[in-house]
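Notes follow the structure.
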Amino acid sequence: MIRTHTCGQLRAAEIDQTVTLCGWVLNYRDQGGIIFIDLRDRDGLTQLVFDREVCGAEAHDLAGHARSEWVLQVTGVVKSRGERKNPKLATGEIEIFAKSLIVLNRAETPPFEIGEHSRVGEEARLKYRFLDLRRPAMQRNLIIRHRVLKTVRDYCDHHRFVEIETPTLCKYTPGGARNFLVPSRMHPGSFYALAESPQLFKQLLMVGGYDRYLQVARCYRDEDLRNDRQPEFTQIDLEMSFIDMDDIMGIGEGMAREVWRTILGIELPAPFRRMTWTEAMLTYGSDKPDLRYGMPIIELSDWAVTSGFSVFQRSIESKGVVRALNAKRSSDVLSRRTLDSLTEFAKGLGAKGLAWIKILGDPSKAESWQGPAAKNITEAARSDLARRLEVGEGDVLFFGADSNKMVCSVLGALRVELGTKLLNLARGDDWQFLWVHSAPLYEWSEESQTWGANHHPFTAPYAEHIPLLGSDPGKVLSKSYDMVLNGNEIGGGSIRIHDSATQERVFQALGIDHEEAQRKFGFLLHALSYGAPPHGGMAFGLDRLIMLITQSESIRDVIAFPKTQRGRDEMLDCPTPVTDRQLKELHLVSAAAKPTAAQGG
RNA sequence: GGCCUGGUAGCUCAGUUGGUUAGAGCGCCGCCCUGUCACGGCGGAGGUCGUGGGUUCAAGUCCCAUCCAGGUCGCCA
């Protein structure tokens with residue numbers, strides 16, 4: 001060890017001790033005969049003092065030449081700062097009177113400043129990620145990430161989970177996310193797929209008798225990226241045998257409670273609120289409702305029939321629905337201009353329009369009701385509406401009239417837009433957890449005109465719904481559950497099918513016949529036929545979880561080396577082309593034009 | 001794949017209806033300063049305005065194409 005303490009460690013208790021610190025130069029203030037240097041490491045910041053009278057001319061000169069991000073080793077004596085202490089620093093009561101200085105390494109002038117105050121764009125940060133990682137915000141995020149994983153592993157260990165690794169090179173399975181493919185050198189023309197999740201392996205581990213499995217699993221999906229999506233990401237993956245929904249939900253929320261307690265010192269309620277998928281969709285227009293604010297969606301289809309507003313009435317006649325939400329006391333914020341942009345917002349989601357009414361006075365008076373939809377509504381319908389939506393002065397009402405699916409999606413998105421942006425009702429440190437459970441097993445796809453698995457095709461239906469598999473698959477509900485936090489799905493899972501007969505029936509309803517099932521998932525059906533225990537599990541999206549805990553704006557801020565939106569690594573400058581020889585060895589021919597020298601900036 | 005925003009000094013940005021030599025703050029370089037702490041003072045350097053083409057007497061500014069970054073819809077069972 002070439003240091004005795006870290007840069008965040010020293011306090012008044014160490015006064016008069018001789019210490020050696022190592023770290024990076026954050027900042028220097030050269031006063032001539034006395035030079036101050038702020039020395040930084042991941043632990044904090046300590047002020048060094050180079051007084052020519054104390055440290056001598058040689059060390060003083062050397063200190064005078066030190067620049068940002070040079071790496072120094074300094075030995076000196078801890079002194080009290082007395083009246084000059086800096087309350088902004090944890091080490092602000094003391095400073096080090098340097099006796100000797102060794103420059104461990106010089107540094108090029110960094111492209112951006114490392115301190116708390118610097119504002120840097122993402123392009124520069126990603127290109128110089130090794131410097132970005134020195135910034136306190138990044139260090140805090142990655143250290144929290146470590147502590148969360150440590151907490152999760154300890155929690156699972158206490159609950160008898162066994163951590164087992166599964167392959168990332170595995171078999172391509174159809175459905176779900178697009179896979180990254182890896183060509184096989186030894187099997188010309190054949191490919192591995194990078195695992196999009198360890199789903200089937202963990203079920204096989206249950207058949208293998210491991211009872212309770214845990215993995216911090218890297219997953220790969222070749223889909224377009226978002227603010228909260230990366231091509232490779234990490235799941236906290238769990239699976240348990242001899243349990244039912246309540247057991248695994250108990251373990252999942254116990255883990256969340258333990259993490260919030262340990263990392264944030266916050267005691268979350270027990271148990272978490274629960275809601276069926278159907279209730280979530282009807283009331284919040286979302287399968288992951290943000291409960292930090294109210295604004296429930298109210299069913300008005302029966303009211304619409306007699307409302308007098310022909311647009312609503314026609315919607316009902318064509319088997320649609322009418323629902324509304326009330327943005328309480330928002331008329332000041334929601335200007336005509338903003339309402340117009342919200343109409344465009346709704347149209348962008350596929351709505352034909354967005355009817356709204358502003359209440360600009362006593363709601364019992366007709367003239368208070370303003371807006372395109374207001375004058376078309378009969379007097380009786382208006383007072384009925386006032387009662388149902390609990391209308392008060394200053395409220396703004398929004399209506400959706402369309403198919404059930406469209407109304408859910410438009411009013412659901414509108415509710416989030418109002419709550420999180422326009423009306424600013426959501427705080428980042430307000431933790432509203434809930435479970436959304438019992439989603440439909442199948443989802444109708446308009447595009448392919450077939451039923452598809454809503455979760456994945458290994459999800460167990462409720463036993464009493466199994467007879468509906470052949471006749472009315474849309475009514476079959478699944479033993480599935482998602483953990484939702486502030487409008488984000490942070491984890492999800494299900495009870496799995498554990499007998500091969502049921503598994504085949506579920507495949508059948510998806511249009512997968514016996515032969516196809518054998519070809520694609522034969523290994524699973526085979527395993528289920530050898531005494532598979534009842535089992536189920538869930539997986540948490542670690543990156544998203546850390547993003548929320550640290551209140552980060554992007555998933556890239558909680559990953560050490562992330563990719564850009566087009567899947568590039570700006571620091572490594574990858575992906576890159578390979579040589580013809582490499583392709584030949586892998587039995588591949590590239591159909592892409594040869595990349596030329598990079599264009600543009 | 002669609003839509004939106006952006007790309008100007010090392011960084012963060014400004015740049016008017018197209019008009020002389022493209023600016024600011026921070027950083028950087030030099031000098032001064034023994035109590036600073038986002039130190040201060042004086043002086044200085046630094047630009048292919050992402051790239052390519054077009055319109056024009058004249059383009060950072062207008063048009064077309066393209067690359068890159070971000071956001072979003074589709075997609076992510």
- Query: Is the closest basic N to carboxylate O distance between A/Glu95 and A/Arg84 below 4.0 Å?
  - Reply: no
- Write down the distance between CG (A/Asp30) and C1' (B/rC32), rounded to a whole number of angstrom. 10 Å
- Query: Once you round it to whole Å, what is the distance between C1' of B/rG10 and CG of A/Leu131?
  - Reply: 12 Å
- Note on the structure: Heavy atoms of A/Val558 and A/Ser552 approach each other most closely as CG1-OG, 3.7 Å
- Between B/rC26, B/rU36, B/rC28, which nucleotide gets closest to the side-chain atoms of A/Thr109? B/rC28
- Query: Of the candidate nucleotides B/rG6, B/rG27, B/rC37, which contains the atom at the shortest distance from the side chain of A/Glu113?
  - Reply: B/rG27
- Could you check whether A/Asp222 gets within reach of a base, just the sugar-phosphate, or nothing at all, counting any heavy atom under 4.0 Å? nothing
- May I ask you to decide whether A/Asp132 forms a salt bridge with A/Lys127, counting only side-chain N to carboxylate O separations under 4.0 Å? no
- Query: Between A/Gly33 and A/Asn86, which is nearer to the 5' end of RNA chain B once each is assigned its nearest nucleotide?
  - Reply: A/Gly33
- Are A/Gln518 and A/Glu504 close enough that some pair of their side-chain heavy atoms sits under 4.5 Å apart? yes
- Query: Distance between the P atoms of B/rG44 and B/rU34, in whole angstroms?
  - Reply: 24 Å
- Message: OP1 or OP2 of B/rC67 versus the side-chain N and O atoms of A/Arg566: is any pair under 4.0 Å?
- Response: no
- Query: Once you round it to whole Å, what is the distance between P of B/rA38 and CD1 of A/Ile114?
  - Reply: 18 Å
- Item | Spacing of the C1' atoms in B/rG50 and B/rA9 (rounded, Å) | 15 Å
- Checking B/rU12, B/rA69, B/rU36 against the side chain of A/Glu570 (C-beta onward), the nearest is B/rA69
- Item | Euclidean distance, atom NZ of residue A/Lys347 to atom C1' of B/rC4 [Å, nearest integer] | 18 Å
- Task: Output yes when A/Lys520 and A/Glu516 qualify as a salt bridge under the 4.0 Å nitrogen-oxygen rule, no when they do not.
- Result: yes
- Task: Report the distance from atom CZ of A/Arg125 to atom C1' of B/rG10, rounded to the nearest whole Å.
- Result: 17 Å
- Does B/rU5 have a Watson-Crick or wobble mate here (both distances under 3.5 Å), and if so which one? B/rA69
- Lys/Arg-Asp/Glu bridge criterion (N-O < 4.0 Å) met for A/Glu122, A/Arg556: yes
- Message: I'd like the C1' distance from B/rG18 over to B/rG54, given in whole Å.
- Response: 15 Å
- Note on the structure: Side-chain atoms of A/His117 come closest, of B/rA38, B/rC37, B/rA69, to B/rA38
- Report the base-pairing partner of B/rC29 (Watson-Crick or G-U wobble, both distances below 3.5 angstrom), or none. B/rG43
- Nucleotide B/rC4, atom P - distance to NZ of A/Lys421 in whole Å: 17 Å
- Message: If you assign each of A/Ala124 and A/Phe97 to its closest nucleotide in RNA chain B, which residue comes earlier from the 5' end?
- Response: A/Ala124
- Would you call A/Arg568 and A/Glu570 a salt bridge, taking side-chain N to carboxylate O under 4.0 Å as the test? yes
- Candidates B/rC28, B/rA38, B/rC29 - which lies nearest the side chain of A/Ser68: B/rC28
- Message: With a 4.0 Å limit, can you tell me whether A/Lys88 has a side-chain N or O closer than that to the phosphate oxygens OP1/OP2 of B/rA38?
- Response: yes
- Message: What is the distance, to the nearest angstrom, from the OH atom on A/Tyr128 to the C1' atom on B/rG10?
- Response: 8 Å
- Return the nucleotide paired to B/rA59: Watson-Crick means purine N1 to pyrimidine N3 with N6-O4 or O6-N4, wobble means G-U with N1-O2 and O6-N3, both under 3.5 Å. none
- Out of B/rG35, B/rC68, B/rC29, which nucleotide sits closest to the side chain of A/Arg67? B/rC29
- Message: Using the rule side chain to side chain contact (heavy atoms under 4.5 Å, CB included), only one of A/Leu21, A/Asn105, A/Val103 pairs with A/Leu72; which is it?
- Response: A/Val103
- Base versus backbone protein contacts along nucleotides 71-77 of chain B [heavy-atom cut-off under 4.0 Å; B, S, -]: BBBBBBB
- Task: Taking only Lys NZ, Arg NE, NH1 and NH2, and the carboxylate oxygens of Asp or Glu, determine whether A/Asp237 and A/Arg218 approach each other closer than 4.0 Å.
- Result: no
- Considering only atom P, compute the distance from B/rC4 to B/rG41 and round it to an integer number of Å. 46 Å
- Message: What contact category does A/Gly350 fall into here, base, sugar-phosphate, or nothing, at under 4.0 angstrom with non-hydrogen atoms?
- Response: nothing
- Message: Checking base pairs now: Watson-Crick or wobble, both atom distances under 3.5 Å. What partners B/rA22?
- Response: none
- Determine the interatomic distance between C1' on B/rC11 and the same-named atom on B/rG46; round to the nearest Å. 13 Å
- Message: Between C1' on B/rC26 and OH on A/Tyr28, what's the gap in Å once rounded to a whole number?
- Response: 13 Å
- Under-3.5 Å donor-acceptor pair between A/Arg119 side chain and B/rU12 base: no
- Could you check A/Ile96 against A/Val77 for side-chain contact (heavy atoms from CB on, under 4.5 Å), going step by step and ending with a plain yes or no? CA-CA 5 Å; A/Ile96 311 297; A/Val77 180; over 6 Å; no
- Message: Tell me whether the ring of A/Phe36 lies stacked over the B/rU36 base, given a 5.5 Å limit on centroids and a 30° limit on the plane angle.
- Response: yes
- Please measure how far the C1' atom in B/rC49 lies from the corresponding atom in B/rG15, and state the result in whole Å. 11 Å
- Message: Pairing check on B/rC37: which nucleotide meets the Watson-Crick or G-U wobble criteria with it, both distances under 3.5 Å?
- Response: none
- So which nucleotide does B/rU16 pair with, by the Watson-Crick or G-U wobble rule with both distances under 3.5 Å? none
- Pick the C1' atom in B/rG7 and in B/rU12, then give their distance to the nearest Å. 13 Å
- Message: Please classify the nucleic acid contact of A/Glu95 as base, sugar-phosphate, or nothing, using heavy-atom distances under 4.0 Å.
- Response: base
- If the P atom of B/rG30 is compared with that of B/rU16, how far apart are they to the nearest Å? 36 Å
- Can you tell me the Watson-Crick or wobble partner of B/rU48, both distances under 3.5 angstrom? none
- Going by an N to O cut-off under 4.0 Å, is there a salt bridge joining A/Arg221 and A/Glu232? no
- Task: Please confirm whether any donor atom in the side chain of A/Asp38 sits under 3.5 Å from an acceptor in the base of B/rC37, or the reverse.
- Result: no
